[in-house]
Novice: 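Can you read through this structure? Questions will come right after.
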Amino acid sequence: MIPLPFGGQNREKLKRSEYIVGILGALSIFLVAFLYAFEVKHISNTFEVESLVWRSLIVGGLVGIVAGYFFSKQFNDGLEKLKLYVFFVVISLLLFPLLGSLSNRLLSFSPKQKIEVELQSQEAYLQSRFGRVKTKKKKDGVFLFFVKDQKFQRVKTKEVLFPESEKGDRVYIVTKNGFWGYEYFIEE
């Protein structure tokens with residue numbers, strides 16, 4: 001091993017609590033990414049999801065501003081206050097759409113219901129992180145297109161749900177009303 005000049009003796013020594021905070025912060029980032037990865041399929045099967053996301057962003061922005069206000073009181077420097085405001089607003093804007101979707105789905109105590117819709121089409125899709133892969137033969141899922149309440153809707157399913165049905169046929173799908181009032185599709 002070749003000795004380097006100043007071999008690290010100028011390095012700042014961290015306390016044990018600072019290591020723990022750093023590790024917990026990194027684990028939190030991975031947890032949020034993990035939860036988003038698994039919640040995306042449920043978000044795409046929620047009706048009127050744009051409204052849910054926008055409302056979550058507005059609430060998240062307000063919560064971030066309020067948290068920034070309370071936590072910045074201890075600082076006198078304007079730049080430090082701005083940093084805290086930006087930190088809390090950005091974190092809230094990242095977390096609240098996830099929390100909105102999770103709470104809508106997991107805190108729902110309403111019963112499942114079968115509703116009648118007008119089938120438009122069922123199309124298999126193939127997706128890959130690397131673009132279209134020619135050697136891959138099996139499908140990743142099926143897009144189910146239908147008209148519900150005079151609105152064209154699309155949900156993702158694992159298999160074709162109505163193999164004998166054609167465009168214009170009336171079929172039944174299973175939905176559930178979420179905690180925040182946003183209905184979502186359930187594949188059975």
Novice: Judged by atom type as modelled, is there a donor-acceptor pair below 3.5 Å linking the side chain of N104 to the main-chain atoms of F179?
Specialist: yes

Novice: Might you confirm whether atom CD of E164 has over 12 heavy atoms from other residues, nucleotides or ligands at distances under 6.0 Å?
Specialist: no

Novice: Between E39 and L98, does a side-chain contact (heavy atoms from CB on, under 4.5 Å) hold up when you go through it step by step?
Specialist: CA-CA 7 Å; E39 190 64 19; L98 174 66; 3.9 Å; yes

Novice: Do F88 and L84 have side chains that get closer than 4.5 Å, going by heavy atoms?
Specialist: yes

Novice: May I ask you to decide if E166's main-chain N or O and D169's side chain share a donor-acceptor pair within less than 3.5 Å?
Specialist: yes

Novice: Strictly distance-based, threshold 3.5 Å: is any side-chain N or O of S92 a donor or acceptor partner for the main-chain N or O of V63?
Specialist: no

Novice: Answer with yes or no whether the hydrophobic clustering places V66 together with V89; edges join I, L, V, M, F, W, Y residues whose side-chain heavy atoms lie under 4.5 Å apart.
Specialist: yes

Novice: Is Y69 close to K73 at the side-chain level, that is, under 4.5 Å between some pair of heavy atoms?
Specialist: yes

Novice: Hey, quick one: are L93 and W54 part of the same hydrophobic cluster, counting side-chain heavy atoms closer than 4.5 Å, chains of contacts allowed?
Specialist: yes

Novice: Would you call the rings of F152 and F145 parallel, tilted or perpendicular if under 30° counts as parallel and over 60° as perpendicular?
Specialist: parallel

Novice: Any side-chain to backbone donor/acceptor pair from S108 onto R105? Under 3.5 Å, distance only.
Specialist: no

Novice: Heavy atoms only: give me the nearest V147-Q150 pair and the separation to one decimal.
Specialist: CG1-CA, 3.9 Å

Novice: Should we say atom CG of D77 is surrounded by more than 12 heavy atoms from elsewhere, each under 6.0 Å from it?
Specialist: yes

Novice: Quick check: closest heavy atoms across L57 and P97, and the distance to 0.1 Å?
Specialist: CD2-CG, 3.7 Å

Novice: Could you go step by step and tell me if E187 and L161 meet the side-chain contact (heavy atoms from CB on, under 4.5 Å) rule?
Specialist: CA-CA 9 Å; E187 184 176 3; L161 296 182; 3.9 Å; yes

Novice: Which of these passes side-chain contact (heavy atoms from CB on, under 4.5 Å) with V155: T46, L144, I186?
Specialist: L144

Novice: Which atoms form the tightest heavy-atom contact between V171 and S165, and what is the distance?
Specialist: CG1-OG, 3.7 Å

Novice: Linking I/L/V/M/F/W/Y whenever their side-chain heavy atoms sit closer than 4.5 Å, directly or via other members, would Y85 and F75 fall into one cluster?
Specialist: no

Novice: Thinking salt bridges, do E118 and R170 make one under a 4.0 Å N-O criterion?
Specialist: yes

Novice: According to a 4.5 Å side-chain heavy-atom criterion applied to Ile, Leu, Val, Met, Phe, Trp and Tyr, with indirect links allowed, do L95 and L62 form part of one hydrophobic cluster?
Specialist: no

Novice: Check G100 against W180 and note the closest heavy-atom contact, atom names and distance.
Specialist: O-CD1, 3.6 Å

Novice: Count the heavy atoms of every other residue, nucleotide or ligand shown that sit under 6.0 Å from CD of E123, and state whether that count exceeds 12.
Specialist: yes

Novice: Are the side chain of N45 and the backbone of K156 linked by a donor-acceptor contact shorter than 3.5 Å?
Specialist: yes

Novice: Starting from the C-alpha separation in whole Å, work towards a yes-or-no answer on side-chain contact (heavy atoms from CB on, under 4.5 Å) for K176 and Y184.
Specialist: CA-CA 6 Å; K176 192 172 180 182; Y184 58 94; 3.3 Å; yes

Novice: Are V117 and I115 close enough, and set up right, to give a side-chain contact (heavy atoms from CB on, under 4.5 Å), and what steps lead you there?
Specialist: CA-CA 6 Å; V117 297; I115 61 169; 4.2 Å; yes

Novice: Indicate yes or no: at least one non-hydrogen side-chain atom of L107 is less than 4.5 angstrom from one of S103.
Specialist: yes

Novice: Quick one: closest heavy-atom pair of I43 and S101, and the distance?
Specialist: CG1-OG, 3.3 Å

Novice: F47 and F185: aromatic ring centres closer than 6.0 Å?
Specialist: no

Novice: Testing the basics here: between L94 and Y36, what is the closest heavy-atom pair and its distance to 0.1 Å?
Specialist: O-OH, 2.6 Å

Novice: Is L106 reachable from F109 through a run of hydrophobic residues whose side-chain heavy atoms are each under 4.5 Å from the next?
Specialist: no

Novice: Side-chain heavy atoms under 4.5 Å apart, restricted to Ile/Leu/Val/Met/Phe/Trp/Tyr: what other residues fall into the cluster of F34, or is it alone?
Specialist: F38

Novice: Under a 4.0 Å N-O cut-off, is there an ion pair linking E48 with K151?
Specialist: yes

Novice: What pairs with K148 under salt bridge (Lys or Arg N to Asp or Glu O under 4.0 Å), at least two apart in sequence or on another chain?
Specialist: E183

